[in-house]
Amino acid sequence: MKARIIVVEDEPDLREAVAEYLGASGYDVATAENAAAARSLLEAQPFHLAILDIAMPGEDGLSLGRWLRSKTQIGIIYATAAGTALDRIVGLELGADDYIVKPYELREVLARVRSVLRRVPASVFAAGTRRFMNFGSFQADFDGRLVTGANGAVIEMAKSEFDVLEVFLTRANRLLTRAAISEAIGFVEDPESSRAVDIRIMRLRKKIEADPANPKFLRTVRGEGYIFSLPAGDGN
């Protein structure tokens, strides 16, 4: 199946140059000049990878990427101005797969696109189907907001618990701080939010870990945050 890419860039010449180059390289490419236009396209049709300019008027690329990552496992590449290391760090923490520094060469864009697409879960290429993700003996249905265990047994889970689980599953094997988790689920970061995140994680462990005191999936990194460990072969 031909990979579908959306390029979100407010500079018309650059936007069209990237789209033309990737199109000539065998990809199906759509473009958007801002986040609002991108949201309309992303909600209307499936994509496998998004290239998002960070510094756009109105809603910026980081905000768009956060919304996109909360909904799907597609690849995300941020385009950031030279010298803005903070944007790159924040972008990677929020779930980006890679970044490119402007001004960039089109050959570099193509190389990074190819690299990220190799890591995109196969389930993302099943366009038009529900979004599922496996971890161990469990399966999460993102569209139905449902988790099932062995033999299809439904795991009872509150909305707030599923919200946190979805954040971890779509950012598996990455260190997430409490601040990043709070932001992803729409909390204002403060001591109370951090406690609320910890409580949800404690409840999740009781439902998905065979031994919550020695978790296989949802591990604590002391003094830093949490990592959801997804074993090789899981996720599709």
Would you confirm whether [X], through its side chain, and [Y], through its main-chain N or O, come within 3.5 Å as a donor-acceptor pair?
{"X": "Thr170", "Y": "Glu166", "result": "yes"}
{"X": "Arg200", "Y": "Ala196", "result": "yes"}
{"X": "Ser25", "Y": "Tyr21", "result": "yes"}

Inspect the contact between [Y] and [X] and indicate whether a charged nitrogen and a carboxylate oxygen are less than 4.0 angstrom apart.
{"X": "Lys159", "Y": "Asp163", "value": "yes"}
{"X": "Lys102", "Y": "Glu9", "value": "yes"}
{"X": "Glu11", "Y": "Arg15", "value": "no"}
{"X": "Arg69", "Y": "Asp97", "value": "yes"}
{"X": "Arg119", "Y": "Asp98", "value": "no"}

Report yes if the side chains of [X] and [Y] come closer than 4.5 Å at any heavy-atom pair, otherwise no.
{"X": "Pro57", "Y": "Asn34", "result": "no"}
{"X": "Ile51", "Y": "Val113", "result": "yes"}
{"X": "Leu117", "Y": "His48", "result": "yes"}

Residues that Arg222 engages under side-chain hydrogen bond (donor to acceptor under 3.5 Å, both in side chains), provided they are two or more places apart: none
All side-chain contact (heavy atoms from CB on, under 4.5 Å) counterparts of Glu16, not counting sequence neighbours: Thr31
Taking atom types as modelled, is there a side-chain donor on [X] or [Y] under 3.5 Å from an acceptor on the other?
{"X": "Arg178", "Y": "Ser182", "answer": "no"}
{"X": "Arg219", "Y": "Ser229", "answer": "yes"}
{"X": "Tyr226", "Y": "Asp198", "answer": "yes"}

Heavy-atom pair of closest approach, residues Val120 and Gly75: CG2-N, 3.7 Å
Qualifying residue for side chain to side chain contact (heavy atoms under 4.5 Å, CB included) with Ile5, from Ile77, Leu22, Asp28: Leu22
Distance flag, aromatic centroids of Phe217 and Phe168, threshold under 6.0 Å: no
Summary of side-chain hydrogen bond (donor to acceptor under 3.5 Å, both in side chains) pairs that have at least one residue in residues 202-215, sequence neighbours excluded: Glu161-Lys207, Arg205-Thr220, Asp211-Asn214
Point-to-point distance, once rounded to the nearest 0.5 Å, from OG of Ser115 to CG of Leu110: 11.0 Å
Gap between atom CG of Leu106 and atom CD1 of Ile100 - 0.5 Å precision: 9.0 Å
